> 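The structure's right below; bear with me while I get my questions together.
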Amino acid sequence: MLTLHNPLHHLHQGRHEMFRGRLVPCHETPQRLDHVLAELQRRSLGPLRTPADDVEGLDAGLAQIHSPRYLHFIEHAWEEWIALDPLNAAQDALPSVWPAPGMRFDVLPDSFAARMGLFSFDAGTPLTAGSWAAAHAGAACAITAAREVASQRVRSAFALSRPPGHHAGADFFGGYCFLNNAALAAQALRDGGARRVAVLDVDYHHGNGTQAIFYERSDVLTVSVHGDPRTEYPFFLGHADERGAGAGEGCNLNLPLPRGTGFVRWREALHCGLAAIRAFGADTLVVSLGVDTFEGDPISGFLLRGPDYLQVGHDIASAKLPTVFVFEGGYAVDEVGMNTVNVLEGFGA
Ligand code: Q9C
Ligand code: ZN
């Protein structure tokens with residue numbers, strides 16, 4: 001397994017997220033990734049490489065998935081934030097006002113606070129001095145991983161990047177995510193010659209951003225196994241009746257499961273997702289690999305145990321497809337390395 005990573009991920013280090021009316025310490029920390037990296041090295045699971053954070057065609061790749069106005073905003077948001085008040089340099093930026101349905105999304109406000117809301121959907125995703133640099137370098141890892149697989153230089157690759165990506169849409173951030181790494185990888189695979197790409201999202205939370213980005217496309221199947229949005233974040237997408245639209249009708253599959261689900265039932269849903277990927281005729285696979293399905297995860301509600309992740313990797317390998325893994329959630333910091341690398345080891349390449 002070739003792993004792509006970039007130490008610049010450390011530059012995104014949020015202080016606080018809004019939770020039940022209070023600012024609490026961020027769950028999505030640089031230490032998460034460091035633990036995965038250490039475990040990969042401990043088990044010698046293949047070469048590590050750092051792609052250039054301005055790898056050729058990166059900006060064009062970003063523009064295929066995200067809107068120009070969103071990319072421009074995220075790239076320059078920190079400068080704007082400290083221009084408002086130099087003392088803001090000691091604070092993360094968080095949104096606190098959002099447009100409701102029926103309000104104007106087409107007019108770009110002058111107000112920075114208003115644009116923070118226009119381009120986001122929660123107050124849990126702090127924007128910091130290094131958020132853009134980290135997200136940009138992470139996107140370069142995802143695109144490079146996809147190019148390595150598309151060119152058949154490797155059979156599988158792992159984009160070990162953060163911040164994560166699957167909640168980010170074409171023009172919004174949220175759920176700790178800014179750039180949708182899995183979507184960028186899927187698009188790079190298509191551009192590299194793949195005909196039908198499947199994205200399998202096994203993070204605890206529904207991959208709303210990835211679903212929305214490909215919802216009307218027939219060349220990318222999106223499948224997500226996740227906590228039922230009736231009770232679980234991101235709440236407003238991820239139901240079983242969302243099947244795709246237009247040309248993408250039938251090209252989205254959601255497999256929501258109740259809080260408290262253990263491995264046996266979770267695995268049945270995984271097999272259902274893998275059967276759909278087979279039926280779709282995918283020639284390449286992207287896995288949004290979140291391990292917040294772990295029983296000890298502090299913000300999630302499934303009950304998977306450490307050794308189960310070896311089986312998860314083995315089951316994913318049964319699809320027998322060239323595969324790009326993209327790191328997403330997993331907040332039990334002491335176990336996130338073990339669980340993530342178990343999937344890769346179980347996959348066996
Ligand atoms: N206090 C990913 O796993 N906050 N994002 C939920 C918990 C948002 C998770 C509230 C969770 C986002 C990539
Ligand atoms: Zn998650």
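As the structure lists them, so they are numbered: ligands from 1, and atoms in each ligand from 1. Only a predicted model underlies this, so the values are computations on that prediction, with no experimental measurement involved.
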> For atom 5 (N) of ligand 1, what is the closest protein heavy atom, and at what distance to 0.1 Å?
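Going by distance alone, atom 5 (N) of ligand 1 is nearest to G175 O, 3.0 Å.
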> Relative to F263, does R305 satisfy both conditions: NZ or CZ under 6.0 angstrom from the six-membered ring centre, and within 45 degrees of the ring's axis?
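Not flagged: R305 not positioned over aromatic ring of F263.
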> Examine ligand 1 and decide if any of its atoms is less than 4.0 Å from a heavy atom belonging to R20.
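So R20 does not count as touching ligand 1.
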> Please could you name the atoms of ligand 1 that P164 approaches to less than 4.0 Å, counting only its heavy atoms?
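What qualifies from ligand 1 is 13 (C).
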> In ligand 1, which numbered atoms sit nearer than 4.0 Å to a non-hydrogen atom of G329?
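Reading through ligand 1 atom by atom, the close ones are 3 (O).
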> Among all protein heavy atoms in this structure, tell me which lies nearest to atom 10 (C) of ligand 1, with the distance rounded to 0.1 Å.
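For atom 10 (C) of ligand 1, the nearest protein heavy atom is F19 CD1, 4.4 Å.
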> Looking at the Zn ion (ligand 2), which N/O/S atom of D292 is the nearest one?
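Going by distance to the Zn ion (ligand 2), the closest N, O or S atom in D292 is OD2.
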> Do N254 and E242 have side-chain N/O donor and acceptor atoms under 3.5 Å apart?
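The answer is yes; a qualifying pair exists.
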> Look at atom 4 (N) of ligand 1 and say which protein heavy atom is nearest, naming residue and atom and giving the distance to 0.1 Å.
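Going by distance alone, atom 4 (N) of ligand 1 is nearest to Y176 OH, 3.7 Å.
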> Quick one: look up the protein heavy atom nearest atom 13 (C) of ligand 1 and list residue, atom name and how far away it is.
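It is Y331 OH, 3.3 Å.
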> In ligand 1, which numbered atoms sit nearer than 4.0 Å to a non-hydrogen atom of D292?
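Near D292, the atoms of ligand 1 are 3 (O).
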> Is the distance between the Zn ion (ligand 2) and the nearest N/O/S atom of H167 smaller than 2.8 Å?
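No - counting backbone and side chain alike, H167 has no N, O or S atom under 2.8 Å.
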